[in-house]
Amino acid sequence: MKIYMHWDMEGASGIFTREQVWYWEEGVPEHVAEEGRQLLIADVNAAVQAALDAGVDEVIVSDTHHGGGNIRLDDMFADPRITYHDRSVGYQDGERRWMPGLDETVDGLMLPGHHAKVGTAGAFLPHTWTGQWADFLINGQSVGEIGIEACFASHWDIPLILVQGDTAGCREAEQQFPGVITAEVKHAEDHDSCSGLDPESARLLTGQKVTEAIAKLRAGGFEPIKPTLPMTVTIRMKSVADASAACQRPGVTRLDDYTVEGVVSQQCDVVKWILGTGLDMPEPTVAR
Ligand SMILES: [Zn+2]
């Protein structure tokens, strides 16, 4: 059994403040950024160990927060059964792509460290991908990063089996993916802060949920949820200028001042039409 863990950071154990996780913002002290990073690293190590203890043959870890680069490979639990990708875009068989290693050989997708979609009330740092999107819809259903990433994985019939995050993120996952196992490690106090289980208890809970999700997967308890094709993807932008810029991409239709839409023929193209992020990504052009 092979598990893919796609790690974000807002929903990780013990991360309770905006500064710990949006560390690139102005004025964040280095020690606070480091504190957040250490919490994420400890969380990844605990979850991976739980998966291996549950008898998984292989775990792929991908670091997606802010594009990646948050985990430190030297600090990660080392085991030949684990592959770490410290960026969410990388190489597989020489091809540049999103979520390297995610393919038909993977049995289950886990989305730990995740958060609710943009605009969610009572959520810690809710957002969807870039700060430019006010809403993202797949075949008319509003989704966040959980829905987008699960859609990408559904191209290979991989079910979403676990989400770890705050209360709002877990509820969102359960509503869109009935039967998904959730590790609810905290709840929002306001947009920028939250509280919840101390880091150690949160890691323990997450490990238990990882074990539970793997047992359920082994028993055939998950079905992938695949959006029907062709798939209509709609984005409401926060600004008219962003909608105008998005329309310059091939195949993008403008519905109104703020809203653009694309129709794609495979689930793995869910964000490729708008961001270029997906399979077969061209090499980035280096600006000099
Ligand atoms: Zn993030």
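All ligand and atom numbering here is 1-based and tracks the order in the structure. Values below: all heavy atoms of this structure, side chains included; hydrogens, waters and symmetry mates excluded. Sequential numbering from 1 along the given sequence is applied to the chain's residues.
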Worksheet item: Taking just the N, O or S atoms of D8, which one is nearest to the Zn ion (ligand 1)?
Response: OD1

Discussion item. Would K117 pass as a cation-pi partner of F136, given that its NZ or CZ must be under 6.0 Å from the six-membered ring centre and within 45 degrees of the axis?
Written reply: no

Practice prompt. May I ask you to check whether over 12 heavy atoms, not counting those of E283, lie within 6.0 Å of atom CD?
Written response: yes

Worksheet entry | Atom of H65 nearest the Zn ion (ligand 1) (restricted to N/O/S, atom name only) | ND1

Discussion item. If the cut-off is 2.8 Å, does any N/O/S atom of E145 fall short of it from the Zn ion (ligand 1)?
Written reply: no

Worksheet item: Of all N, O or S atoms in E10, which has the smallest distance to the Zn ion (ligand 1)?
Response: OE1

Worksheet item: Do L275 and V118 belong to the same hydrophobic cluster, where Ile, Leu, Val, Met, Phe, Trp and Tyr are linked whenever their side-chain heavy atoms lie under 4.5 Å apart, directly or via other members?
Response: no

Worksheet item: For atom CD of E223, is the number of surrounding heavy atoms from other residues, nucleotides or ligands below 6.0 Å larger than 12?
Response: no

